[in-house]
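Structure first, commentary second.
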Amino acid sequence: MCGTEFYERVLGVAPVHAAETHVVLPIGDGRVWLHAISAAYASTIVVASPPEPREDAAVKLSLPVASLTTARHVAISHGGGVAPAERAWELEGTWHTDGSDPEGNVIQFRAPLL
């Protein structure tokens, strides 16, 4: 399933459930469900290389990571990205920055202040 390895590696988690149609990743006390899209719909999607960020979604995930620096390196090595350190901002006692997965979906990462 495309993209699941990216999330597993960047977040440092293993699925608590995996099926042909979806994977469930533990995030703190919650869960993120990654669903496969239909082959018919997938065939209409063009992903540039590198992916163009797609910010036109109604919801943006904010996912916890241990370190934005580590998340940046892991994300890049798995086809995604995380904004440079100078673009991070502090909010509610954590660092926040935007990134994107290998398909260009914009997501936010947050890490403890060091």
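Across all their heavy atoms, Ala75 and Gly81 have their closest contact at CB-N, 3.9 Å. Looking at every heavy atom in both residues, Gly93 comes nearest to Leu113 through O-CG, 3.4 Å. When all heavy atoms of Gly80 and Phe6 are compared, the closest pair comes out as CA-CE1, 3.7 Å. Heavy atoms only, all atoms of each residue included: Trp89 and Gln108 are closest at CZ2-NE2, 3.3 Å. Nearest heavy-atom pair across Thr97 and Pro84 is OG1-O, 4.4 Å. Taking all atoms of both residues into account, the shortest heavy-atom contact from Thr44 to Ala40 is CG2-O, 3.6 Å.
Counting only heavy atoms from C-beta outward, the side chains of Ser100 and Ile107 never approach each other to under 4.5 Å. Side-chain atoms of Ile37 and Ile45, non-hydrogen and from C-beta on, do get closer than 4.5 Å to each other. Thr21 is not listed as a side-chain neighbour of His35, based on a closest heavy-atom distance of 4.5 Å or more. Contact check for Leu34 versus Leu25: side-chain heavy atoms found under the 4.5 Å cut-off. Tyr7 has its side chain within reach of Leu63: a pair of non-hydrogen atoms, C-beta onward, lies under 4.5 Å apart. Counting only heavy atoms from C-beta outward, the side chains of Val74 and Ile76 never approach each other to under 4.5 Å.
Crowding of Glu86 atom CD: a count of heavy atoms from other residues, nucleotides or ligands under 6.0 Å exceeding 12.
Checking Asp98, Thr94, Leu61, Val82 one by one against Phe109, the side chain to side chain contact (heavy atoms under 4.5 Å, CB included) holds for a single residue, Val82.
Note: the hydrophobic cluster containing Leu68 also contains Ile27 (ILVMFWY, side chain heavy atoms under 4.5 Å, direct or indirect links).
Judged purely by distance below 3.5 Å, without hydrogens or angles, the side chains of Ser62 and Arg110 pair a donor atom with an acceptor atom.
Listed by chain and residue number, nothing satisfies the side chain to side chain donor-acceptor pair (under 3.5 Å) test with His73 (two or more places apart in sequence, or in another chain).
In this structure a side-chain-to-backbone donor-acceptor pair under 3.5 Å is missing from His78 to Pro102.
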For residues 8-17, tabulate all N or O donor-acceptor pairs below 3.5 Å that involve a side-chain atom, not counting sequence neighbours.
{"unit_1": "His17", "atom_1": "NE2", "unit_2": "His22", "atom_2": "NE2", "d": "3.2"}

